[in-house]
Participant: 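Supplied in structure tokens, the structure appears directly below.
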Amino acid sequence: MKARVTVVGGGLAGVEAAWQCARLAVPVELYEMRPAKLTPAHKTGALAELVCSNSFKSAEEGTAPALLKEEMRCLGSLTLEAAASSRVPAGGALAVDRGRFAEAVTAALEAEDVVDLTRAEVKELPLPPSVVATGPLTSVPLAEELAAALGHENLFFFDALAPIVSAESIDRDKTFEASRYDKGEGAYINCPLAADEYRAFVRALAAAATAPLRDFERGLFFEGCLPLEELARRGEDALRFGPMKPVGLVDPRTGARPYAVVQLRAEDVGGTMFGVVGFQTRLKRPEQRRIFRMIPALARAEFLRYGAAHRNTYICSPLALEATTEMRSKPGVFVAGQLTGVEGYMESAATGMVAGLNAARLCRGEAAVFPPPETAVGALLRYVTTAPPATFAPMNVNFGLFPPPAARSRRKRHAEVVARARRAFAAWLAKVGEGS
Ligand SMILES: Cc1cc2nc3c(=O)[nH]c(=O)nc-3n(C[C@H](O)[C@H](O)[C@H](O)COP(=O)(O)OP(=O)(O)OC[C@H]3O[C@@H](n4cnc5c(N)ncnc54)[C@H](O)[C@@H]3O)c2cc1C
């Protein structure tokens, strides 16, 4: 094993991976293809360029994104250090001045003696110990190498995500459990709509604001995977013959087939999160909140993940990765960032920290580690490495990923998850420190 780590990709995940190595005084070669070769979304040569929003989501105590940041700070996050010096006012969120943020990250890494930054595209999988963190817009030659190593069916090029709501926010008085034609157990929670409710919903959907499509995303959608709002625009009944079809379902409370139905399917074994079946959408988030809450059973829905549809390269991590982020088929090669199937700047950065830490530990002859699932980082890693492979889709950090708490009220449940995570993370960190 060589005594230096190769990190490919100088985005959110790659810079954290390199920084972890530097913190352990392990030499790193960091490869970034920009500015000579840009992705379709990046515009500069700066490391950790933010391609869209300048927000790192909530910083408010008691939320899942804030808990993730807290753990990242304990691990010595470079992106959060840079965010602190480039923060702009954003209420309860942590938002940054993009330019200053990227400059601060770039300067910190350039100042590190053990970090050797090379501006070049990497076209082959690096030798171990290494971290691949080339992101949602991984360049084609490397994506092909990944596909060859993992099997072409295990590398995906775009997301079409349906929203996920928390179980406790569904109004169960307005639902019934059943599978179509009573096949198997009542596997779905069905949310019926009367004719007037359905028509109002379709009208709102057809008129709703969608996220802008970027040039490289045009032509992304095909008939089998049209966003919900596109279907709604094709005619009033299109959804009733598509994802909202009521056939094979009888509402036991009325003894009749509903006019239209929205089906919810469990996303986890504990039944804490439910996906809205067939609701892949490009609606803006406030529009998703407003319009999906028109469904009577979802009037007070808490959205754990919003729907989205965009270009995104990611691997089938449940088949490909260990919880340490190491590739099963390539020992010593770790994968990080959006490529692993996490969604979002901070989630990507967090996996970069684990991948970098483990690549550095490998150089030092130490065993790979990962935080327990009670922690925010551990819950994310558990999701991406154990979710059912057939329906695996990218995920942001949220309370539905954690082992279910005992408390009953939502506020107390969240507080219990946070307190348990803090204890588990501190114990894990102490153990990792002792072992090294
Ligand atoms: C259009 C778009 C908009 C997005 N908007 C948001 C948003 O608003 N909020 C949010 O949280 N997330 C957003 N995301 C997701 C976002 O990309 C991730 O959250 C985050 O940037 C992922 O971090 P990463 O390190 O995995 O990838 P990136 O940050 O993209 O970093 C990957 C790096 O690898 C480099 N690279 C690629 N291939 C090679 C190669 N072969 N050799 C060398 N270098 C290479 C790239 O140039 C890039 O610098 C968006 C993604 C896209 C595509």
Side-chain angles (χ1 to χ4, degrees), residues 1-34 37 39 47-48 75 78 105 109 112-151 154-155 313-317 319-342 348-370 381 384-385 436:
M1 192 71 63
K2 63 188 168 74
R4 53 170 40 205
V5 171
T6 306
V7 175
V8 186
L12 277 292
V15 298
E16 290 283 17
W19 191 245
Q20 285 294 312
C21 295
R23 277 167 50 94
L24 291 173
V26 170
V28 197
E29 288 169 311
L30 172 59
Y31 287 89
E32 169 52 58
M33 67 180 185
R34 293 178 290 117
K37 181 165 180 178
T39 75
L47 300 179
L75 283 172
L78 172 60
V105 171
L109 282 167
E112 278 296 330
D113 286 344
V114 292
V115 179
D116 193 359
L117 174 59
T118 304
R119 301 287 186 164
E121 181 185 9
V122 173
K123 298 184 177 174
E124 291 174 0
L125 278 178
L127 293 173
S130 56
V131 176
V132 181
T134 43
L137 304 169
T138 294
S139 75
V140 174
L142 190 60
E144 281 172 357
E145 280 275 301
L146 271 170
L150 298 170
N154 293 325
L155 184 71
T313 313
Y314 66 103
I315 65 176
C316 189
S317 293
L319 295 177
L321 295 188
E322 302 291 349
T324 56
T325 80
E326 187 170 16
M327 283 176 79
R328 293 198 176 130
S329 59
K330 301 258 175 207
V333 179
F334 297 84
V335 184
Q338 195 109 346
L339 261 187
T340 64
V342 297
S348 296
T351 60
M353 301 181 86
V354 174
L357 175 66
N358 282 331
R361 286 176 67 91
L362 196 58
C363 275
R364 290 158 49 117
E366 295 162 358
V369 292
F370 58 93
L381 288 173
V384 295
T385 53
S436 56

Participant: Gln338 side chain to Thr313 main-chain N or O, any donor-acceptor pair under 3.5 Å?
Facilitator: no
Participant: Looking at every non-hydrogen atom in both residues, tell me the closest pair between Thr324 and Ala368 and how far apart they are.
Facilitator: CG2-CB, 3.6 Å
Participant: Given Ser317, which partner from the list Asn154, Val384, Val335, Thr351 fulfils the side chain to side chain contact (heavy atoms under 4.5 Å, CB included) test?
Facilitator: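 With Ser317 as partner, side chain to side chain contact (heavy atoms under 4.5 Å, CB included) holds for just one option, Val384.
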Participant: Answer whether the closest heavy-atom distance between the side chains of Arg4 and Asp116 falls below 4.5 Å.
Facilitator: yes
Participant: Ignoring hydrogens and angles, tell me if any N or O in the side chain of Glu32 forms a donor-acceptor pair with the backbone of Gly10 under 3.5 Å.
Facilitator: yes
Participant: Does some side-chain heavy atom of Thr6 sit less than 4.5 Å from a side-chain heavy atom of Leu127?
Facilitator: no
Participant: Which heavy-atom pair separates Leu30 from Gly9 by the least distance, and what is that distance?
Facilitator: CD1-O, 3.6 Å
Participant: Does any non-hydrogen side-chain atom of Leu125 lie less than 4.5 Å from one of Leu146?
Facilitator: yes
Participant: Restricting to side chain to side chain donor-acceptor pair (under 3.5 Å), what partner residues turn up for Glu121, sequence neighbours left out?
Facilitator: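 Only Lys37, Ser139 meet the side chain to side chain donor-acceptor pair (under 3.5 Å) criterion with Glu121.
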Participant: Looking at CD of Glu124 and CD of Glu145, how far apart are the two atoms once the value is rounded to the nearest 0.5 Å?
Facilitator: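 Rounded to the nearest 0.5 Å, the CD-CD separation comes out at 5.5 Å.
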Participant: Could you give me the CA-CA distance, side-chain angles and deciding distance for Val132 and Leu142, then say whether side chain to side chain contact (heavy atoms under 4.5 Å, CB included) is met?
Facilitator: CA-CA 10 Å; Val132 181; Leu142 190 60; 4.3 Å; yes
Participant: Can you tell me how far the CD atom of Glu326 sits from the CG atom of Leu321, to the nearest 0.5 Å?
Facilitator: 9.5 Å
Participant: With rounding to the nearest 0.5 Å, note down the distance linking CE in Met33 to OG1 in Thr118.
Facilitator: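 One finds 15.0 Å between CE of Met33 and OG1 of Thr118.
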Participant: State, to 0.1 Å, how close Ala323 and Leu381 come at their nearest heavy-atom pair, and which atoms those are.
Facilitator: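 Taking every non-hydrogen atom into account, O-CD1, 3.5 Å.
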Participant: Rounded to the nearest 0.5 Å, how far does CG of Leu137 lie from CG of Leu339?
Facilitator: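 Taking CG in Leu339 and CG in Leu137, the distance rounds to 10.0 Å.
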Participant: Is any side-chain heavy atom of Trp19 closer than 4.5 Å to a side-chain heavy atom of Glu112?
Facilitator: yes
Participant: For the pair Arg119 (side chain) and Arg34 (backbone), establish whether a donor and an acceptor sit closer than 3.5 Å, ignoring hydrogens and angles.
Facilitator: yes
Participant: Side chains of Leu109 and Leu117, heavy atoms from C-beta outward: is any pair under 4.5 Å?
Facilitator: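 Side chain of Leu109 against side chain of Leu117, heavy atoms only: no contact under 4.5 Å found.
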Participant: Looking only at non-hydrogen atoms, find the nearest pair between Val115 and Ala22 and report the distance.
Facilitator: CG2-CB, 4.1 Å
Participant: Taking only residues two or more places apart in sequence or in another chain, which ones pass side-chain contact (heavy atoms from CB on, under 4.5 Å) with Ala355?
Facilitator: Val131, Thr325, Phe334, Ala336
Participant: Calculate, to the nearest 0.5 Å, the distance between atoms SG and CZ belonging to Cys21 and Arg364 respectively.
Facilitator: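 CZ of Arg364 is found 10.5 Å from SG of Cys21.
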Participant: Mind checking whether Leu150 and Met327 have side chains closer than 4.5 Å, heavy atoms only?
Facilitator: yes
Participant: Can you name the closest pair of heavy atoms from Val7 and Val28 and give their distance?
Facilitator: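 Heavy-atom minimum between the residues: CG2-CG1, 3.6 Å.
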Participant: Between the main-chain N or O of Ala143 and the side-chain N or O of Thr138, is there a donor-acceptor pair closer than 3.5 Å?
Facilitator: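 Checked: no pair found.
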Participant: Indicate yes or no: at least one non-hydrogen side-chain atom of Val26 is less than 4.5 angstrom from one of Val114.
Facilitator: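 With C-beta onward as the side chain, the pair stays apart.
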Participant: Any side-chain to backbone donor/acceptor pair from Ser130 onto Val333? Under 3.5 Å, distance only.
Facilitator: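 Judged by distance alone, no pair lies under 3.5 Å.
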Participant: Indicate the atoms forming the closest heavy-atom contact of Ala3 with Cys363, along with that distance.
Facilitator: C-SG, 3.8 Å
Participant: Between CG of Leu78 and CG of Leu47, what distance do you get to the nearest 0.5 Å?
Facilitator: 9.5 Å
Participant: Is there a side-chain contact between Leu357 and Leu24 (heavy atoms, below 4.5 Å)?
Facilitator: yes
